[in-house]
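Structure, as structure tokens:
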There are 2 protein chains.
Amino acid sequence: MDAIHAFEHLPHKTIERLSQYRRALLICLEEGKSHIFSHEIARIQHITPVQVRRDLMLIGYSGTLRKGYNIEQLIELIGEIIDSEEMIKVAVMGLGDLGHAILNYFNGKRSKLSIVAGFDVNPKKIGTVFNGVPCYPVEQIQEIINRENISIGIITVPAKQAPVTAGRLIKAGIKGILNYTPTPIQVPEDVYLEEYDMITTLEKLAFYVKLANDKNKL
Amino acid sequence: MDAIHAFEHLPHKTIERLSQYRRALLICLEEGKSHIFSHEIARIQHITPVQVRRDLMLIGYSGTLRKGYNIEQLIELIGEIIDSEEMIKVAVMGLGDLGHAILNYFNGKRSKLSIVAGFDVNPKKIGTVFNGVPCYPVEQIQEIINRENISIGIITVPAKQAPVTAGRLIKAGIKGILNYTPTPIQVPEDVYLEEYDMITTLEKLAFYVKLANDKNKL
DNA sequence: GTAAGTTTGTTAAAAAGTTAACAACGCAAA
DNA sequence: TTTGCGTTGTTAACTTTTTAACAAACTTAC
């Protein structure tokens, strides 16, 4: 009980990294490894070994001296912290290229997180099934979200339609929204929002590439 | 000269936000507005007005008291800071759904950043043109990157192929890589890397939705 | 023309996140 | 043995980022 409460206060960045650690660990497990050192995890994630050890300290996991961390146990523990007990269900709004891309990458790999519905305005897509996910008309959003008990919506519609799509999700009682479009949206306080915009990242990258270039010119 | 040097030391987060401010400002300009208050920008980006003012202070832009910031001027200034003088050219590795999605969202809107080539292994795609971007076979990567003077590569291939794709880009002399796959890659020191993974964000969102749920249950 | 209200620009404080430092431990080699 | 090395766990220092506080300046209302 006390331990559960502690996880509430994990730093946001640690939560992100735990998800990443787990992904890396799953790959290592596949490769037949049973233990891993902090510096190995660190190298994969482009961070320092200290940071890895600190994160693991925060979640109360102990490794073995000179042997590293037990991969299987660590995956298990990370799951206990970041996964939900019940399945968390997700809807994708807009089954264009980006929606499809997400379904592809996601592809039933997460055990406690599952995309169960897609919505689109294109009549040709309605009724089709892509990667096991059926496509519904947006008008049915309220009905499907209630029926399937969907708590997260991913917005992958064209940028201009992001706000109205967000509005629909909010009205339907969604708990969290992941917005992949470059158009920022507004949500009420009780909806958790994650804006995840591709263009910002690219422009930032371009800035630092330019900077490096300019330095080399001197 | 001195002013240019100062921009080198802008906080990373400020660079990100400048890109976002500009995007929001462009929309406001389209809507016919000429000035904007810090709290308006803040609201759009889900941050505080202080943060906006602080960022603008750092880039040395002054607004008008009780009138706000001149949108056109501010867009101009942000461009001077984050854009490169010459066009920065970008290649997309993998023209699947995600590659297409990026081309769609990007779509020639950035004036100083341009996607000029796509690469794929699928023979059916080679030679086609999507959104004005021609698709080449990966074997020609070195040739095209040299010829077009491409400095940034975006990786949108299937996750398993991310590392080998990164290797090809690096060998071809790329300066910056944006990796959209969930598989982390390794780059030498002089290549700027941005990992931009969709699954981490979704898992983080799920965690905070779960947390909110658990709290409500009590 | 004076008071009240807004908004900017800036400095200072606080919070969040990262890195450094190092004790503790245990294995391996001499 | 005992010495040296590699690794963990943890505290403390540092850096980055955000937030608070407030003076200055302009506008409007009275």
Side-chain angles (χ1 to χ4, degrees), chain A residues 3 6-21 25 28 33-71 73-74 77-78 193-195 200 204 207-208 211, chain B residues 3 6-21 25 28 33-71 73-74 77-78 189 193 195 200 204 207-208 211:
Chain A
F7 296 152
E8 285 185 31
H9 303 301
L10 287 174
H12 286 219
K13 294 279 185 184
T14 296
I15 299 294
E16 281 178 25
R17 282 191 298 261
L18 287 176
S19 158
Q20 287 160 1
Y21 296 162
L25 291 170
C28 293
K33 291 184 71 168
S34 77
H35 287 75
I36 192 167
F37 294 127
S38 61
H39 64 257
E40 293 177 291
I41 301 181
R43 181 167 166 70
I44 297 172
Q45 305 296 148
H46 316 296
I47 57 179
T48 65
V50 193
Q51 204 159 30
V52 174
R53 295 205 300 274
R54 209 169 190 299
D55 285 334
L56 299 190
M57 181 191 82
L58 289 174
I59 65 172
Y61 187 70
S62 285
T64 312
L65 209 51
R66 298 207 46 138
K67 206 174 164 194
Y69 302 94
N70 180 303
I71 294 179
Q73 283 177 13
L74 189 46
L77 176 58
I78 292 176
L193 171 67
E194 198 81 37
E195 304 260 13
T200 300
K204 183 181 167 194
F207 174 79
Y208 287 108
L211 217 60
Chain B
F7 297 151
E8 285 184 31
H9 304 301
L10 287 173
H12 286 219
K13 294 279 185 186
T14 296
I15 298 295
E16 281 178 25
R17 283 190 297 261
L18 287 177
S19 159
Q20 287 161 359
Y21 296 162
L25 291 171
C28 292
K33 291 183 72 168
S34 77
H35 287 74
I36 193 167
F37 295 126
S38 61
H39 63 257
E40 293 177 291
I41 301 179
R43 183 169 163 70
I44 297 171
Q45 305 295 152
H46 318 294
I47 57 179
T48 65
V50 194
Q51 205 160 29
V52 174
R53 295 205 298 275
R54 210 168 189 299
D55 284 335
L56 299 191
M57 182 192 81
L58 290 174
I59 64 172
Y61 187 69
S62 285
T64 311
L65 210 52
R66 299 206 48 135
K67 205 174 164 192
Y69 302 93
N70 180 302
I71 295 178
Q73 283 177 12
L74 189 47
L77 177 58
I78 293 176
E189 266 209 359
L193 171 67
E195 304 259 11
T200 300
K204 183 181 167 193
F207 173 80
Y208 287 108
L211 216 61

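Worth knowing before you read on, the calculation uses all heavy atoms, side chains too, and leaves out hydrogens, waters and symmetry mates. Lettering follows sequence order; numbering is per chain, from 1.
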### Task
Could you pull out the closest heavy-atom pair between A/Tyr208 and B/Leu10, with the gap in Å?
OH-O, 4.3 Å
### Task
Using only heavy-atom distances, decide whether a donor-acceptor pair under 3.5 angstrom links the side-chain of A/Arg66 to the base of C/dC25.
no
### Distance below 4.0 Å between B/Ser38 side-chain N/O and C/dT8 OP1 or OP2
yes
### Spatial distance of atom CG (A/Asp55) from atom CD (A/Gln45) [nearest 0.5 Å]
10.5 Å
### Task
Identify, between A/Thr48 and A/Leu65, the residue whose nearest nucleotide on DNA chain C lies closer to the 5' end.
A/Thr48
### Query
Does A/Arg53 put a side-chain nitrogen or oxygen below 4.0 Å from OP1 or OP2 of C/dA21?
no
### Message
Do B/Asn70 and B/Thr64 have side chains that approach each other closer than 4.5 Å (heavy atoms only, starting at C-beta)?
### Response
no
### Query
Nearest-Å distance, NE2 (B/His46) to C1' (D/dT18)?
17 Å
### Task
Compare all side-chain heavy atoms of B/Leu58 with those of B/Leu18 and state whether any distance is below 4.5 angstrom.
no
### Message
Please tell me if A/Thr14 has a side-chain N or O lying less than 4.0 Å from either OP1 or OP2 of C/dG17.
### Response
no
### Query
Within the structure, does a side-chain N or O atom of B/Gln51 lie under 4.0 Å from either OP1 or OP2 of D/dT17?
no
### Task
Rounded to the nearest angstrom, tell me the gap between atom CD1 in B/Ile15 and atom C1' in D/dT17.
14 Å
### Message
Quick check on DNA chain D: between A/Thr64 and A/Arg54, whose nearest nucleotide comes earlier from the 5' end?
### Response
A/Thr64
### Task
Whole angstrom is fine here: how far is it from NE2 in A/His39 over to P in D/dG9?
14 Å
### Message
If I take atom NZ in residue B/Lys13 and atom P in nucleotide C/dA15, what distance separates them, rounded to the nearest angstrom?
### Response
19 Å
### Whole-Å distance separating the CD1 atom of B/Ile59 from the P atom of C/dG9
11 Å
## Note on the structure
Regarding the side chain of B/Tyr69, the nearest nucleotide among C/dT8, D/dT7, C/dT10 is C/dT8
#### Entry: Shortest side-chain distance from B/Phe37, nucleotide among D/dT17, C/dT11, C/dT7
C/dT7
### Task
Would you mind reading off the distance between A/His12 atom NE2 and C/dT18 atom C1', rounded to a whole angstrom?
17 Å
#### Entry: Interatomic distance where CG belongs to A/Asp55 and P belongs to D/dT8 [whole Å]
14 Å
### Query
Measuring from A/Arg66:CZ to A/Phe37:CZ, what's the distance to the nearest 0.5 Å?
7.5 Å
#### Entry: Rounded interatomic separation in angstrom, taking CD1 from A/Ile47 and P from C/dA20
14 Å
